[in-house]
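Numbering of residues begins at 1 and proceeds along the displayed sequence. Nothing here was measured: the structure is a model prediction, and the numbers come from that model.
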Amino acid sequence: MDHSASQGPFLLRGAEPRDLDSLVRLAAMLDTVNLPPDETVLSDLVHRSGEAFAGRGPLMERQYLFAVEDLGAQRLVGVSMIFAQHGTRASPHVFFDVLKVEHYHKGIDHLFVHRVLKIGYAHDGPTEIGGLVVDPAYRAHPLRVGRAVAFVRFLYMALHLDRFREEVLAELLPPLRADGSSALWEAVGRHFTGLTYREADRRSRTDKDFIADLFPSDVLYATLLPPEAQEIIGVVGPESRGIHKLLLECGFQYQNRIDPFDGGPHFAATTRAIVAVRGTRSSVLGRAPLPAGDAGDGLALVARERDPAAGASPFRAVIADHRVTSDGVEMDAAAYEALAAPPGGEVSVLPLGPRRPAAAP
């Protein structure tokens with residue numbers, strides 16, 4: 001089946017236990033610290049996410065796992081995550097600052113500028129977004145499914161600014177070798193830990209003390225590393241180029257910081273200044289759907305929140321053709337049904353832009 005031809009409707013919500021098999025499938029496409037393809041880890045993450053959406057648990061320990069479901073195909077097609085705080089006293093945020101140092105000797109009369117790496121730790125860190133995976137069959141979907149599952153996190157932040165830090169961090173994957181290993185880790189980390197990239201990656205999920213104990217605290221001169229390792233420092237890998245473009249659009253900037261394992265760049269933005277956070281508006285649901293074939297003002301995420309006591313995820317959003325009127329926001333009929341919200345009910349709206357042109361047959 002050509003899933004890119006599916007017209008949905010698409011429902012975005014908190015992940016639920018029934019999603020576990022699909023989450024394992026999607027996580028295997030990325031296989032990162034944030035979203036490993038491990039059923040036990042994912043089951044725990046789903047539980048913690050449910051508690052977070054319900055407003056339970058310590059504020060800064062909450063983790064939110066969003067899922068997007070193709071209701072027509074009855075298929076989970078993407079996920080994304082928010083970590084309310086990345087970097088605590090128990091599990092610090094670890095990074096390399098990418099700095100420059102100058103050396104000059106008047107006798108030689110040549111200025112040497114070296115790039116150096118300096119290990120750093122944050123015990124009171126920012127909010128982090130991560131775990132973004134979209135089924136390849138839906139990445140160029142006319143309803144912009146990938147954009148929606150990325151932006152739904154900003155819509156949710158706009159609704160609950162008090163639950164998140166003043167800065168949002170995104171760590172992007174750099175180019176990796178064909179076998180999934182990292183040239184930077186082979187040149188640096190493996191020499192100090194004796195672990196492979198994958199072994200270190202798995203250990204860091206539960207233990208970061210080995211980094212502080214084994215990595216040097218002095219600066220590392222990147223100019224002494226093999227060219228292959230130097231070339232990927234702070235570079236966005238091919239799998240991250242789509243989200244990189246969206247982050248820049250939303251006001252994120254490169255922080256001259258990288259992941260100490262693979263050299264992936266860190267981007268950050270002030271939470272309230274993120275374009276998609278500022279672009280989220282409150283409205284009410286109009287009483288009549290858009291006429292069939294009417295694209296209105298373009299696509300939008302339209303979200304509602306319910307009482308957590310209702311039993312399902314209290315947060316729900318749909319991807320919809322929409323139009324904002326004096327009476328509220330109108331959507332296409334399928335989106336009305338998927339959102340299951342009463343006319344006149346409070347909703348939040350985040351525009352996504354026009355539909356993507358359909359791919360040529």
Taking all atoms of both residues into account, what is the closest heavy-atom pair of L65 and M81, and its distance?
CD1-CG, 3.5 Å

Report yes if some heavy atom in the side chain of V46 is under 4.5 Å from a heavy atom in the side chain of S43; otherwise report no.
no

Using the salt bridge (Lys or Arg N to Asp or Glu O under 4.0 Å) definition, which of the options R316, R75, R13 pairs with E69?
R13

Side-chain contact, heavy-atom cut-off 4.5 Å: F10 with H141?
yes

Using the ring of each side chain (for Trp, its six-membered ring), is W185 parallel, tilted or perpendicular to F261, with breaks at 30° and 60°?
perpendicular

Flag side-chain contact, heavy atom, 4.5 Å: L45 against L35
yes

Given the rule that I, L, V, M, F, W and Y join up when any side-chain heavy atoms are under 4.5 Å apart, are V145 and L11 in one cluster?
no

Do F112 and T223 have side chains that get closer than 4.5 Å, going by heavy atoms?
no

Could you see if L42 belongs to whatever hydrophobic cluster contains V68? Use Ile, Leu, Val, Met, Phe, Trp, Tyr and a side-chain cutoff under 4.5 Å.
no

Does the side chain of Y138 come within less than 4.5 Å of V149's, by heavy atoms?
no

So I119 and F96, side-chain contact (heavy atoms from CB on, under 4.5 Å) or not? Walk me through it.
CA-CA 5 Å; I119 198 77; F96 271 142; 3.7 Å; yes

Does any pair with a residue in residues 56-78 pass ring-ring contact (aromatic ring centres under 6.0 Å, His included), and if so which ones, sequence neighbours excluded?
F53-Y64, F53-F66, Y64-Y156, Y64-F164, F66-Y156, F66-F315

D332 side chain vs D321 backbone, donor-acceptor pair below 3.5 Å
yes

Distance-only, no hydrogens or angles: does the R165 side chain make a donor-acceptor pair with backbone N or O of T271 under 3.5 Å?
no

Would you call E186 and R177 a side-chain contact if the rule is heavy atoms closer than 4.5 Å?
yes

Between F95 and H266, what is the ring plane arrangement, given parallel below 30°, perpendicular above 60°, and tilted in between?
perpendicular

What is the ring orientation for F252 with F154, classed by angle as parallel under 30°, tilted 30 to 60°, or perpendicular over 60°?
tilted

Thinking salt bridges, do E61 and R48 make one under a 4.0 Å N-O criterion?
no

According to a hydrophobic-cluster definition based on side-chain heavy atoms being under 4.5 Å apart (Ile, Leu, Val, Met, Phe, Trp, Tyr only), do I129 and L23 belong together?
no

Minimum heavy-atom separation for G194 to E199, with atom names?
O-OE1, 4.5 Å

Is a donor from one side chain sitting under 3.5 angstrom from an acceptor on the other, for D327 and T325?
no

Are the side chain of K100 and the backbone of V113 linked by a donor-acceptor contact shorter than 3.5 Å?
no

Do the side chain of D262 and the main chain of L173 share a donor and acceptor less than 3.5 angstrom apart?
no

With a 4.5 Å cut-off on side-chain heavy atoms, are P216 and F192 touching?
yes

Between D19 and E16, is there a donor-acceptor pair closer than 3.5 Å when you use the side chain of the first and the backbone of the second?
yes

Is it true that I232 and L172 fall in one hydrophobic cluster, defined by side-chain heavy atoms closer than 4.5 Å?
yes

Any non-hydrogen side-chain atom of H93 less than 4.5 Å from a side-chain atom of L169?
yes

Is the side chain of R278 donor-acceptor paired with the backbone N or O of V275 at a distance under 3.5 Å, no angle test?
no

Has R203 got more than 12 heavy atoms of other residues, nucleotides or ligands less than 6.0 Å from its CZ?
no

same_hphob_cluster(L350, V329) at 4.5 Å side-chain heavy-atom cutoff:
no

Check whether any side-chain N or O of Y336 sits under 3.5 Å from a backbone N or O of G286 as a donor-acceptor pair, and report yes or no.
yes

Keeping D97 on the side-chain end and L99 on the backbone end, is there a donor-acceptor pair under 3.5 Å?
no

